[in-house]
Number of protein chains: 2
Amino acid sequence: MRTLKYALLGLIDRGPITGYDISKEFEKRIMANFWHAKHSQVYPELKRLLEENLITVELIIQGEKMEKKLYTITTEGHAEFVEWLLLDEPLGVTPKDVFRLRTFFSDFMSASDYEQHLHSQLDKHNFKKASLENSMTKSFDNIPEYGSKEFGDYAVLLGAIMREDSYLAWLKACLGAINRQD
Amino acid sequence: MRTLKYALLGLIDRGPITGYDISKEFEKRIMANFWHAKHSQVYPELKRLLEENLITVELIIQGEKMEKKLYTITTEGHAEFVEWLLLDEPLGVTPKDVFRLRTFFSDFMSASDYEQHLHSQLDKHNFKKASLENSMTKSFDNIPEYGSKEFGDYAVLLGAIMREDSYLAWLKACLGAINRQD
DNA sequence: GCAAATCATGTCAATAGTTACATGTTATAT
DNA sequence: ATATAACATGTAACTATTGACATGATTTGC
């Protein structure tokens, strides 16, 4: 599948970037809402893309002697990225979710234990939702124009908020289902 | 993390079961909505659980000579499973989503190409939602009692439907955002 | 001045998961 | 009868991902 390959090509296609900055995108930024990779996965993949001639590298010196590697996309790399971007793949497997697994096995715990679980999940997802909504109001006061980088940022952030909303609604429905039994 | 371990222990804790039937749960049944594993991952994990004395095995002959292995939970296995079930873990990493990745990079494709993607996704998720809703109406005409196996089935199925609903709403919002620009 | 955080790049061992290979039995439909 | 699908269990090679180890430079706050 090599999805990481295309995530890296896409980021590099935005302009020259270092492996460190790519890792930051995955770990802290908007991207973390739908993809992630540790630096220990990023560096070897960059090495591979280089060997495949999809990117080039330029060594630069920051300050006195700190070395940085700036990666740039090649024509070939851009072509492969755009080809992938237009692919219409079948829906992948449903994502794994440990809390749903615990819910599936809720018959092995008491109602009060499961309720405690639900309240803890509500807290955590409410916190996450608030953080996402904060990003949204700070970054966007109207819908960015299609074709801009900002449109993509907006769309995936909106998706992340809606996903949290839906998860919260589900948790509340589970709480309701425990208590409102006829 | 060994989540597969606990998924297997939970299934075996419901009663003696074969590796084949466990694999079926992951591939075809309700479980596929939040966890999955191929038989090539299930059989070695069962072997390991056996070595760890969390389960026992009984060889039975089906018909003339077809061998089946029935796995049963041990006291130790049950204890470990329940202990895991009550753990309140921090939220795991956000699940990966290839279509969200493509959306993030939508500035590299034309509006009509992205709209085509959105319509294709709408089709696929509508189909999935319809299939889930069919399971729901076929299996449940009211909310099962908390504590029954059916409650877990109902809750995760409801969650799966809500997740599809939310995804569909997001896709429609993206469509709207392309066109309704001020 | 100096400690801590952050910048910056990498490797290695281990775990998790997929795909392909491998084999044989039993039920079902034609 | 016989082919096909489903039942049943496994291994091997490979890809993906994580966590720990390893090293050094630069900036920031006190």
Side-chain angles (χ1 to χ4, degrees), chain A residues 1-8 12 16-29 31-32 34-52 55 57-71 89-90 92-98 101, chain B residues 1-8 12 16-29 31-32 34-52 55 57-71 89-90 92-98 101:
Chain A
M1 230 173 321
R2 308 231 11 225
T3 311
L4 179 61
K5 164 183 168 178
Y6 298 104
L8 296 185
I12 298 166
I17 189 171
T18 64
Y20 183 78
D21 286 325
I22 287 172
S23 295
K24 266 203 308 190
E25 288 289 327
F26 284 126
E27 278 165 21
K28 303 190 188 79
R29 314 259 180 213
M31 273 197 103
F34 53 86
W35 210 267
H36 50 90
K38 306 283 167 71
H39 75 274
S40 56
Q41 204 186 355
V42 170
Y43 289 118
E45 186 66 31
L46 285 169
K47 201 176 170 182
R48 192 173 168 187
L49 295 178
L50 208 57
E51 284 161 10
E52 295 172 326
I55 57 174
V57 70
E58 190 200 353
L59 192 76
I60 61 168
I61 306 294
Q62 189 86 335
E64 203 67 14
K65 46 179 159 174
M66 196 172 64
E67 291 185 350
K68 268 193 184 188
K69 286 181 173 182
L70 260 192
Y71 293 95
E89 295 170 294
V93 289
T94 309
K96 293 178 177 179
D97 182 330
V98 183
L101 183 61
Chain B
M1 227 175 324
R2 306 230 17 223
T3 312
L4 179 61
K5 164 183 168 178
Y6 299 103
L8 296 185
I12 298 167
I17 189 171
T18 64
Y20 183 80
D21 286 325
I22 287 172
S23 295
K24 266 204 307 189
E25 288 290 326
F26 284 125
E27 279 165 20
K28 304 192 189 75
R29 314 265 180 205
M31 274 198 103
F34 53 87
W35 210 266
H36 50 89
K38 305 284 168 71
H39 75 276
S40 56
Q41 205 185 354
V42 170
Y43 289 119
E45 185 66 32
L46 285 170
K47 201 176 168 181
R48 192 172 167 189
L49 296 178
L50 209 56
E51 284 161 9
E52 295 171 324
I55 56 174
V57 69
E58 189 199 354
L59 191 75
I60 60 167
I61 306 293
Q62 188 85 337
E64 204 66 11
K65 46 178 158 175
M66 197 171 67
E67 292 185 350
K68 269 193 183 188
K69 286 180 171 182
L70 260 191
Y71 293 95
E89 295 169 294
V93 289
T94 309
K96 294 178 176 178
D97 182 330
V98 184
L101 183 61

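dG17(C) atom P lies 10 Å from atom CD of Glu45(B), rounded to whole Å. A straight line from NZ of Lys38(A) to P of dA14(C) spans 18 Å, rounded to a whole angstrom. Regarding Tyr43(A), its OH atom lies at a distance of 16 Å from the C1' atom of dT18(D), rounded to whole Å. Regarding Ile61(A), its CD1 atom lies at a distance of 13 Å from the C1' atom of dT26(D), rounded to whole Å. Between the C1' atom of dT9(C) and the CG atom of Leu59(A) lies a distance of 11 Å, rounded to the nearest Å. Look at CZ on Phe26(A): it is 14 Å from P on dA16(D), rounded to the nearest Å. Note: OH (Tyr20(A)) to C1' (dG24(D)) measures 14 Å, nearest angstrom. Counting to the nearest Å, the C1' atom of dT15(C) and the CE atom of Met1(B) are 9 Å from each other.
When each of dT9(D), dC7(C), dC7(D) is scored by its nearest atom to the side-chain atoms of Lys24(B), the top-ranked nucleotide is dC7(D). Of the candidate nucleotides dA20(D), dT9(D), dG17(C), dA20(D) has the atom nearest to the side chain of His39(A). Comparing dT11(D), dA8(C), dA8(D) against the side chain of Gln62(A) picks out dA8(C) as the nearest. Closest contact between the side chain of Lys65(A) and the listed nucleotides dA25(D), dT18(D), dA8(D) involves dA25(D). Each of dG17(C), dG24(C), dA25(D) was ranked by its minimum atom distance to the side chain of Met66(B); first place goes to dG24(C). Looking at the side chain of Lys96(A), the nearest of the listed nucleotides dG17(C), dT9(C), dG10(C) is dG17(C).
Within the model, atoms CG of Leu46(B) and NZ of Lys69(B) stand 9.0 Å from one another, a figure rounded to the nearest 0.5 Å.
Across all strands, Lys5(B) comes closer than 4.0 Å to no nucleic acid atom at all (heavy-atom distances). If you check every strand for non-hydrogen atoms under 4.0 Å, Ser40(A) touches a base.
Across all non-hydrogen atoms, the minimal contact from Glu27(A) to Lys38(A) is OE2-CA, 3.8 Å. The minimum heavy-atom distance between Gly19(B) and Val42(B), with the atom names listed, is O-CG1, 4.1 Å.
With a 4.5 Å cut-off on side-chain heavy atoms, Val98(A) and Tyr6(B) do not count as touching. A heavy-atom distance below 4.5 Å is not found between the side chains of His39(A) and Ile22(A).
Ranked by how close their nearest DNA chain C nucleotide is to the 5' end, Gln41(A) and Arg48(B) are led by Gln41(A). Residues Val93(B) and Thr18(B) both approach DNA chain D. Their nearest nucleotides, taken by heavy-atom distance, put Thr18(B) toward the 5′ side.
Proximity of Lys47(B) to the phosphate of dT9(D): no side-chain N or O atom is located under 4.0 Å from OP1 or OP2.
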